[in-house]
Amino acid sequence: MMERIEALRHTAAHVMAQAVMRLWPDAKLAIGPAIKDGFYYDFDLEHRLTSEDLSAIEGEMRKIVKEELPLIREELSKAEAVKLFTRMNQPYKLELLAELPEQVSVYRQGEFVDLCQGPHVDSTAQVKHFKLQTVAGAYWRGDSSRPMLQRIYGTAFSSREDLEAHLRLLEEAAKRDHRKLGRELDLFSIQDEGPGFPFFHPKGMVIRNALEDFWRAEHIKRGYHEVKTPIMLHEDLWHRSGHWDNYRENMYFSEIDEQRFAIKPMNCPGGMLLYKRKLHSYRDLPLRVGELGLVHRHELSGALHGLMRVRCFTQDDAHIFMLPSQVQAEIEGVIEFIDAVYSDVFGFRYHVELSTKPANAIGDDAMWERATQALKDALAAKGLPYVINEGDGAFYGPKIDFHLEDSIGRTWQCGTIQLDFAMPERFDLVYIDEDGQRKRPAMLHRVIFGSIERFIGILTEHYAGAFPLWLAPVQVMVIPVSDGQNQYALEVEQSLRHQGLRVESDMRSESVGKKIRAAQLQKVPYMVIVGEREAETGMISVRHRQRGDLGGTTLEPFCQQLLQEIAERR
RNA sequence: GCUGGCGUGGCUCAGUGGUAGAGCAGUCGAUUCGUAAUCGACAGGUCGAGGGUUCAAAUCCCUCCGCCAGCUCCA
């Protein structure tokens with residue numbers, strides 16, 4: 001079933017390529033695979049494709065569908081295929097062919113033929129429900145030193161209903177985009193004067209502080225200490241840590257008293273200095289040291305994306321210094337910690353990747369092998385399925401990455417656990433073992449949220465802005481029915497505030513309906529409506545943003561119920 | 001950084017060569033209202049920045065900045 005839809009999308013890609021070739025016969029074909037929910041095809045083409053062109057291509061595709069062309073597979077020798085694609089003047093296909101085995105396959109449909117291993121559906125007639133979406137640039141073979149091609153993305157389904165449902169889903173997803181909600185709910189902004197450097201507004205700060213309070217409480221429970229290291233440190237430190245050799249491109253530098261300083265892109269070198277401030281006993285280990293550390297990284301301008309991808313962010317970092325014998329238990333502990341936060345508190349679905357030694361790495365292969373194996377062992381012990389991300393580790397060690405999905409299905413790395421034998425070596429970290437000998441500790445770098453900024457972005461989309469009570473910037477909006485109840489509303493507001501709730505009153509001379517609507521749009525969890533009836537009897541009328549009118553009650557039980565809801569983080 | 005698109009009041013958008021418009025939000029006034037929009041008035045923009053073409057530029061051209069989609073890269 002899944003394979004059939006993939007074949008259908010792959011065929012849709014061929015139909016699109018055929019349509020493009022009919023409209024622009026000089027187009028050079030690159031590749032055109034099926035992807036999640038659709039397909040794309042890359043073209044090298046003098047003409048710059050516009051959205052009007054997309055309609056024209058769609059029109060041509062519909063003709064091809066009507067022609068009911070059968071897809072015919074042919075097996076060719078490589079030599080024959082080279083001849084074929086040379087005759088067709090398709091250099092990218094020839095480049096692909098050079099790496100293929102002696103026997104290759106092509107698929108024909110009418111006058112169109114493409115190098116392809118398949119499978120496909122039987123006829124272009126089956127590609128009925130599709131839509132071309134966008135055209136964007138993409139490097140040939142994903143290599144930024146190669147030519148940039150034009151990529152057309154499309155979506156295709158086996159039924160009209162599925163296609164329409166998917167298009168509706170995309171529309172709904174756009175509504176929960178954290179950048180849109182961040183503006184509407186007045187959580188944060190990014191100004192032209194600081195691309196990638198977000199401003200947090202009062203309401204965004206409430207969420208941020210609630211997350212940090214939660215974070216601190218959970219870390220204390222798990223035996224962490226908290227520290228704060230400086231934003232800026234001498235360049236020499238970054239030479240010692242390996243960042244200058246391996247991470248310089250992403251770093252900001254400045255000068256103080258004719259000395260070069262770097263703004264930290266990571267917290268670990270500062271953490272190393274803190275560890276080294278005194279001698280440690282084996283009895284001190286594992287030493288778990290957390291830091292909400294603000295780091296700055298120069299990201300490519302085109303990569304910036306709301307709070308998800310910024311140039312300065314706060315990592316909820318921690319460095320765990322361990323005896324070699326403690327490594328596996330500590331990794332497992334962090335895996336459990338992350339799962340407890342993601343699954344139990346926020347109800348996220350996530351997937352895990354294991355990233356191995358990158359091209360620019362410090363430390364020898366044996367060390368990398370040992371560290372990678374330790375991460376694998378921990379994952380196996382926790383029974384966590386994972387995919388391997390070859391060559392994507394940090395330059396100082398392999399890592400386990402936890403990925404969360406945004407509203408349109410893009411995934412973002414949040415949590416990560418990195419095992420590092422290199423940094424302790426470089427900084428000559430030691431502890432005194434029970435035999436009195438100086439020995440080398442192992443070290444773990446890890447984050448739970450990843451970056452607070454990105455995590456807030458993910459949370460905003462996850463909840464579509466309707467944050468649970470414990471995170472909601474305004475928890476209760478008091479709404480007097482008319483000006484006559486403003487005084488009573490104020491008393492209610494004060495009383496709830498004294499209980500520690502975040503309350504506001506809407507005392508504008510507007511209709512109740514309008515004030516309720518405003519609170520609903522701000523996704524305030526509870527509205528307390530007070531009119532003449534309530535003012536006289538000392539009661540309140542409660543409305544919930546999702547459950548609607550909950551009827552009358554008094555302050556005391558209402559307040560207790562909310563405090564309970566907050567305590568349980570529902 | 002690259003390819004393409006876009007940039008008009010706080011927000012959403014209209015205006016494509018002839019001295020800047022709407023709705024929402026805001027302010028003021030009237031209304032005093034019972035669970036998602038009461039009525040009226042007022043105020044608010046050197047049209048992203050700089051340069052050029054023109055009698056005349058939001059509109060055409062150039063450069064830069066920023067944003068959006070994707071690629072590359074990553075928390």
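Atoms considered below: every heavy atom in the structure, side chains included; atoms not considered: hydrogens, waters and symmetry mates. Letters go in sequence order (proteins before strands), and every chain restarts at 1.
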Check your understanding: A/Val310 near the nucleic acid: base, sugar-phosphate alone, or nothing, with a heavy-atom cut-off under 4.0 Å?
Key -> base
Check your understanding: Counting any heavy atom closer than 4.0 Å, what does A/Ile190 reach on the DNA or RNA strands: base, sugar-phosphate only, or nothing?
Key -> nothing
Study note, to complete from the structure: Between CE of A/Met539 and C1' of B/G34 the distance, given in whole Å, is 14 Å
Review point. What is the base-pairing partner of B/C28, counting Watson-Crick and G-U wobble geometry with both distances under 3.5 Å?
Key: B/G40
Check your understanding: Roughly how far apart, to the nearest Å, are B/G4 and B/C62 at atom P?
Key -> 13 Å
Check your understanding: Taking atom CD of A/Glu184 as the centre, does the number of heavy atoms from other residues, nucleotides or ligands within less than 6.0 Å exceed 12?
Key -> yes
Practice item. Grab the CD-C1' distance between A/Gln133 and B/G70 for me, whole Å please. Key: 12 Å
Practice item. Check whether any side-chain N or O of A/His298 sits under 4.0 Å from OP1 or OP2 of B/C74, and answer yes or no. Key: no
Point to revise | P atoms of B/A57 and B/G1, separation to the nearest Å | key: 32 Å
Review point. Is there a side-chain contact between A/Phe337 and A/Arg446 (heavy atoms, below 4.5 Å)?
Key: yes
Exercise for review: With C1' as the reference atom in both, quote the distance from B/C24 to B/G9 in angstrom, rounded to an integer.
Suggested key: 12 Å
Point to revise | G-U wobble or Watson-Crick pairing nucleotide for B/C47 (cut-off 3.5 Å, both distances) | key: none
**Study point:** Pair of N/O donor and acceptor under 3.5 Å linking B/G1 base with A/Glu299 side chain
**Key:** no
Practice item. Quick one: look up who B/G4 pairs with, Watson-Crick or G-U, both distances under 3.5 Å, and put none if it's unpaired. Key: B/C68
Check your understanding: Considering only heavy atoms and no angle criterion, is a donor-acceptor pair shorter than 3.5 Å present between the side chain of A/Arg151 and the base of B/C71?
Key -> no
Exercise for review: Answer with yes or no after comparing the ring centroid distance for A/His166 and A/Phe157 against a 6.0 Å cut-off, counting only values under it.
Suggested key: yes
Exercise for review: Tell me what A/Val481 touches on the nucleic acid: a base, only sugar-phosphate, or nothing, going by heavy atoms under 4.0 Å.
Suggested key: base
Review point. Does any N or O donor sit under 3.5 Å from an N or O acceptor when you compare the side chain of A/Tyr139 with the base of B/G1?
Key: yes
**Study point:** A/Tyr526 and A/Phe558 aromatic centres sub-6.0 Å
**Key:** yes
Check your understanding: Does a side-chain N or O from A/Arg146 land closer than 4.0 Å to OP1 or OP2 of B/C71, or not?
Key -> no
Review point. For A/Phe455, which of A/Trp412, A/Phe348, A/Phe402 qualifies under ring-ring contact (aromatic ring centres under 6.0 Å, His included)?
Key: A/Phe348
Check your understanding: So what does A/Gly513 hit on the nucleic acid, given a heavy-atom distance under 4.0 Å: a base, only sugar-phosphate, or nothing?
Key -> sugar-phosphate
Revision key, fill the gap. To the nearest angstrom, the CH2-P distance between A/Trp412 and B/C73 comes to 14 Å
Practice item. Rounded to whole angstrom, note down the C1' distance from B/U8 over to B/U16. Key: 13 Å
Point to revise | Atom-to-atom span, CD of A/Glu193 to P of B/C65 - whole angstrom | key: 15 Å
Exercise for review: Between A/Ala303 and A/Ser482, name the one whose nearest nucleotide on RNA chain B is closer to the 5' end.
Suggested key: A/Ala303
Review point. Quick one: is B/A75 close enough that its OP1 or OP2 comes under 4.0 Å of any side-chain N or O from A/Gln413?
Key: yes
Exercise for review: Could you check which nucleotide pairs with B/U59 in any of the strands shown, counting Watson-Crick or G-U wobble with both distances under 3.5 Å?
Suggested key: none
Practice item. Using a cut-off of strictly less than 4.0 Å, decide whether A/Lys399 has a side-chain nitrogen or oxygen near OP1 or OP2 of B/A75. Key: yes
Practice item. Using a 4.0 Å heavy-atom cut-off across all strands, classify A/Arg179 as base, sugar-phosphate, or nothing. Key: sugar-phosphate
Review point. What distance, rounded to whole Å, do you find between the two C1' atoms, one in B/G23 and one in B/A43?
Key: 16 Å
Review point. Which is true for A/Glu534 with a 4.0 Å heavy-atom rule: it touches a base, it touches only sugar-phosphate, or it touches nothing?
Key: base
Check your understanding: Do A/Tyr153 and the base of B/G70 stack face to face, with centres under 5.5 Å apart and an angle between planes under 30°?
Key -> no
Point to revise | Sugar-phosphate only, base, or nothing, as touched by A/Ser509 at under 4.0 Å among non-hydrogen atoms | key: base
Exercise for review: Could you please name the partner base of B/G9, counting Watson-Crick and G-U wobble pairs only when both distances are under 3.5 Å?
Suggested key: none
Review point. Using a cut-off of 4.0 Å on non-hydrogen atoms, how would the nucleic acid contact of A/Asp401 be classed: base, sugar-phosphate, or nothing?
Key: nothing
**Study point:** Spacing of the C1' atoms in B/A22 and B/C47 (rounded, Å)
**Key:** 16 Å
Practice item. Select base, sugar-phosphate, or nothing to describe what A/Glu532 touches, counting heavy atoms under 4.0 Å on all strands. Key: base
Review point. If you round to the nearest 0.5 Å, how far is OG of A/Ser509 from CG of A/Asn486?
Key: 7.0 Å
Check your understanding: Looking for any heavy atom pair under 4.0 Å, which part of the strands does A/Asp483 touch: base, sugar-phosphate only, or nothing?
Key -> base
Study note, to complete from the structure: B/U16 -> Watson-Crick or G-U wobble partner, both distances under 3.5 Å, gives none
Check your understanding: Contact class for A/Met308 (heavy atom, under 4.0 Å): base, sugar-phosphate, or nothing?
Key -> base
Check your understanding: Going by atom types alone, do A/Arg208 and A/Thr314 pair a side-chain donor with an acceptor below 3.5 Å?
Key -> yes
**Study point:** P spacing across the pair B/U54 / B/U59, given as an integer number of angstrom
**Key:** 16 Å
Exercise for review: Assign A/Gly142 to base, sugar-phosphate, or nothing according to its heavy-atom contacts below 4.0 angstrom with the strands shown.
Suggested key: sugar-phosphate
Review point. If only side-chain N and O atoms of A/Ser511 are considered, is one of them under 4.0 Å from the OP1 or OP2 phosphate oxygen of B/U38?
Key: yes
Check your understanding: Taking the six-membered ring for Trp, are A/Tyr41 and A/Phe39 ring centroids under 6.0 Å apart?
Key -> no
Review point. What is the nucleic acid contact for A/Arg543, judged by heavy atoms within less than 4.0 Å: base, sugar-phosphate only, or nothing?
Key: base
Practice item. Quick one: look up who B/C73 pairs with, Watson-Crick or G-U, both distances under 3.5 Å, and put none if it's unpaired. Key: none
Point to revise | Distance between C1' atoms of B/C73 and B/C65 (Å, rounded) | key: 22 Å
Exercise for review: Under 4.0 Å between any heavy atoms, over every strand shown, what does A/Arg508 touch: base, sugar-phosphate, or nothing? Just pick one.
Suggested key: sugar-phosphate
**Study point:** Salt bridge A/Arg141-A/Asp143, side-chain N to carboxylate O under 4.0 Å
**Key:** no
